[in-house]
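Predicted, not measured: the structure shown is a model, and the values here were computed from it. Along the sequence shown, residues carry numbers from 1.
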Amino acid sequence: EISPVMRVRFTRDNMVDKRGKQLMATVRDQQWKILNGRCAGDGGGAYTYENRGVRSTLDYVIVESKAEANMRVMEEFGVVADGHALIVVQ
């Protein structure tokens, strides 16, 4: 069975600050995968943080590349605490 994790990552948040660049470099260097925006049910890279009109993707699901074959669906359940969303991966 083919993994439902897409090769291309979609996101609604196009802002990348210094810490974001560091995170992306670490993910790339470790050959990990960010599942946000790649899995069925994610809604095209949904925001995971919202507070006072500010929306962003701050909360990530990051896995080893070999683990992506076991991922089926990722759901974002909206803001649950302190502006952050609950993310569930099956």
Side-chain angles (χ1 to χ4, degrees):
E1 182 176 319
I2 297 173
S3 170
V5 177
M6 297 176 280
R7 293 179 60 86
V8 176
R9 181 172 173 258
F10 297 95
T11 181
R12 294 179 188 167
D13 187 354
N14 294 315
M15 171 78 96
V16 182
D17 64 10
K18 181 180 177 182
R19 290 184 299 176
K21 290 176 183 177
Q22 291 172 336
L23 174 64
M24 297 304 290
T26 300
V27 167
R28 197 171 27 257
D29 292 347
Q30 295 298 319
Q31 297 181 354
W32 296 338
K33 294 280 184 169
I34 295 176
L35 295 186
N36 303 60
R38 293 181 195 255
C39 290
D42 185 26
Y47 294 110
T48 61
Y49 176 82
E50 184 172 345
N51 190 5
R52 298 181 185 170
V54 175
R55 300 185 329 180
S56 187
T57 303
L58 295 178
D59 306 299
Y60 294 95
V61 177
I62 301 173
V63 298
E64 292 181 336
S65 294
K66 62 185 176 186
E68 74 178 297
N70 298 316
M71 305 300 136
R72 296 291 169 252
V73 66
M74 179 174 150
E75 295 181 68
E76 185 267 318
F77 289 93
V79 176
V80 293
D82 296 328
H84 295 275
L86 171 66
I87 303 170
V88 176
V89 178
Q90 299 176 348

All side-chain contact (heavy atoms from CB on, under 4.5 Å) counterparts of T11, not counting sequence neighbours: R9, D13, N14, T57
Can you sort out the partners of R28 under side-chain contact (heavy atoms from CB on, under 4.5 Å), two or more places apart, ordered by chain and number? M24, A25
Check V27 against K33 and note the closest heavy-atom contact, atom names and distance. CG1-N, 4.4 Å
Partners meeting side-chain contact (heavy atoms from CB on, under 4.5 Å) with E64 (sequence neighbours left out): W32, K66
Drop me the distance from L23's CG to I34's CD1, to the nearest 0.5 angstrom. 5.0 Å
Can you tell me if CD on Q22 sees more than 12 non-hydrogen neighbours from other groups inside 6.0 Å? yes
